[in-house]
Amino acid sequence: MALFRETGDQWALTHPLCDLALRTWDAGRLHEAVALIQEYLAIFRQLRAPNGVSMALGYLSYMAVSMGDFAAAARAAQEKAEIEGSRGLPIGRAYGLHVGADLHFAQGNLAQARAQWQEALALARGSPNQGFVAATLYHLGQVALYTDRLDEAAERLAESRRLSRGTDRWWLEAEALFAQGQVAARRHEYIDALALMQESLTLYQEVRPKIPVRLEGLAQVWLDLHRPERAVTLLGAASQLRGAMGLPILPVDRPGYEQVLASVRASLTDAAFAAAWAAGEALSAEESVADALAESQGSVVVTGTD
């Protein structure tokens, strides 16, 4: 990449720059990754390449949403929507709707997110980009889950997984598995929930920003299995990782997180809670993943679950 910088070959620089940005993001160095994507965007602006600008804005919006910078996400999403809308193609309109829906969802505006993803799905259904269709189905499954339409969620997520297997979007499998685990937990199918969430975590174990929410999801399951100390250890590990990365709990997830936290606090003495939390905080990312995967569904005996 240094050679491309020295020679001034901007086109040649874009691919390795984007690759480095995404690898930096996966390593949990979020602010560095954003800076690299901003450089990537600046190059495409200089080259007057709207396709590249739109792609960079999509990455920037996703990163800003994940970091809770909704104002920056909104600006990137709006510009991307304008670029894609100017093409006059249905799939372009769908891409623009998607980034806006992602922003609405993260902020807990579920009705708006659902409407935009439904419109995006209708526009994209006939396109050859089945990966995008699979992603949109996954997100609609998420909305259904968060609004307690569990049958719809299960159907959307299953279709998303089926379609994603024929694409290069391996991450959709990891996302859908976790959401299916959440559906199973809502249905009190805790052993299935544990297995699905652990499989998702296994796929995402090298992607640090994806680890905390999976630890928090597993904490909910362990609480449901009457293992509050185990739940608190996972919550402590997730909190430490979030703090190290600067990765907030998003508004859409905050109520559920607070409910789990209140439940485990009520289940333990202050000393027991503090000890389990400190044990989790002491774990590295690799250790937290290993700990979360250490007990499989085969080792769990379900007694007295609701």
Q: Does anything in residues 46-55 pair up under salt bridge (Lys or Arg N to Asp or Glu O under 4.0 Å), and if so which pairs, sequence neighbours excluded?
A: none
Q: Can you see which heavy atom on Leu203 is nearest to which on Trp170, and at what distance?
A: O-CZ3, 3.7 Å
Q: Taking the basic N atoms (NZ, or NE/NH1/NH2) and the acidic carboxylate oxygens, is any pair closer than 4.0 Å for Arg75 and Asp69?
A: no
Q: Please find the pair of heavy atoms, one from Val65 and one from Ala73, that lie closest to each other, and give the distance.
A: CG2-CB, 3.5 Å
Q: Would you kindly check if the NZ (Lys) or CZ (Arg) of Arg214 is within the cone defined by 45 degrees around the ring axis of Tyr204 and under 6.0 Å from the six-membered ring centre?
A: no
Q: Determine whether Phe178 and Val143 fall in the same hydrophobic cluster, where Ile, Leu, Val, Met, Phe, Trp and Tyr are linked whenever their side-chain heavy atoms lie under 4.5 Å apart.
A: no
Q: What pair of heavy atoms forms the shortest contact from Pro228 to Val264, and how long is it?
A: O-CG1, 4.3 Å
Q: Side-chain contact test, heavy atoms from C-beta onward, threshold under 4.5 Å: evaluate it for Gln107 versus Val252 and give yes or no.
A: no
Q: Check the side chains of Gln142 and Tyr138 for a donor-acceptor pair under 3.5 angstrom, ignoring hydrogens and angles.
A: yes
Q: When you measure from the side chain of Gln198 to the backbone N and O of Glu295, does any donor-acceptor pair fall under 3.5 Å?
A: yes
Q: Can Arg254 and Glu258 be counted as an ion pair, charged N to O under 4.0 angstrom?
A: yes
Q: Which residues satisfy the side-chain contact (heavy atoms from CB on, under 4.5 Å) test with Val99, sequence neighbours excluded?
A: Ser61, Ala77, Lys80
Q: With respect to Leu121, which candidate in His98, Arg156, His139 satisfies the side-chain contact (heavy atoms from CB on, under 4.5 Å) definition?
A: Arg156
Q: Quick check against the 3.5 Å criterion: does Glu287 have a side-chain atom that pairs as donor or acceptor with the backbone of Ser284?
A: yes
Q: If you compare all heavy atoms of Val221 against all heavy atoms of Tyr190, which two are closest, and at what distance to 0.1 Å?
A: CG1-O, 3.7 Å
Q: Got a list of side-chain donor-acceptor pairs under 3.5 Å for residues 234-248, not counting sequence neighbours?
A:
| unit_1 | atom_1 | unit_2 | atom_2 | d |
| --- | --- | --- | --- | --- |
| Arg242 | NE | Glu216 | OE2 | 2.8 |
| Arg242 | NH1 | Leu247 | O | 3.4 |
| Arg242 | NH1 | Pro248 | O | 2.8 |
| Arg242 | NH2 | Glu216 | OE1 | 2.9 |

Q: Would you say Phe70 and Leu250 make side-chain contact, with heavy atoms under 4.5 Å?
A: yes
Q: Determine whether more than 12 heavy atoms belonging to other residues, nucleotides or ligands lie under 6.0 Å from atom CE of Met67.
A: yes
Q: Can any side-chain N or O of Thr233 pair as donor or acceptor with the backbone N or O of Glu229 at less than 3.5 Å?
A: yes
Q: Is there a donor-acceptor contact under 3.5 Å from the side chain of Gln116 to the main chain of Leu97?
A: yes
Q: In residues 84-93, what donor-acceptor pairs under 3.5 Å come from side-chain atoms, sequence neighbours left out?
A:
| unit_1 | atom_1 | unit_2 | atom_2 | d |
| --- | --- | --- | --- | --- |
| Glu84 | OE1 | Arg87 | NE | 2.9 |
| Glu84 | OE2 | Ser54 | OG | 2.5 |
| Ser86 | OG | Ile83 | O | 2.6 |
| Arg87 | NH1 | Asn51 | OD1 | 2.6 |
| Arg87 | NH2 | Asn51 | OD1 | 2.7 |
| Arg93 | NH2 | Glu119 | OE2 | 3.2 |

Q: Quick one: do Arg186 and Asp148 make a salt bridge, cutoff under 4.0 Å?
A: yes
Q: What is the minimum heavy-atom distance between Leu261 and Trp277, and which atoms define it?
A: CD1-CZ3, 3.9 Å
Q: So do Trp171 and Lys210 actually touch side chain to side chain, heavy atoms under 4.5 Å?
A: no
Q: Between His31 and Leu36, is any pair of side-chain heavy atoms under 4.5 Å apart?
A: no
Q: Please identify each residue that fulfils ring-ring contact (aromatic ring centres under 6.0 Å, His included) with Tyr257, with sequence neighbours left out.
A: none
Q: With side chains defined as the heavy atoms from C-beta onward, is the minimum distance between Arg169 and Phe132 less than 4.5 Å?
A: yes
Q: Are the side chains of Met197 and Leu177 in touch, meaning some heavy atoms are under 4.5 Å apart?
A: no
Q: Kindly write out the residues that satisfy side-chain contact (heavy atoms from CB on, under 4.5 Å) with Gln78, not counting sequence neighbours, or none if the list is empty.
A: Glu82
Q: Between Arg114 and Glu152, does any NZ, NE, NH1 or NH2 come within less than 4.0 Å of an OD or OE carboxylate oxygen?
A: yes
Q: Are Leu223 and Gln220 close enough, and set up right, to give a side-chain contact (heavy atoms from CB on, under 4.5 Å), and what steps lead you there?
A: CA-CA 5 Å; Leu223 175 62; Gln220 170 72 75; 4.3 Å; yes
Q: Checking Glu286 side chain against Leu283 main chain: does a donor-acceptor pair fall under 3.5 Å?
A: no
Q: Determine yes or no for a side-chain-to-main-chain donor-acceptor pair under 3.5 angstrom, with Ser164 supplying the side chain and Ala134 the backbone.
A: no
Q: Are there more than 12 heavy atoms of other residues, nucleotides or ligands under 6.0 Å from atom CD of Gln118?
A: yes
Q: Can you name the nearest heavy-atom pair linking Ala185 to Ala193, along with the distance?
A: N-CB, 3.7 Å
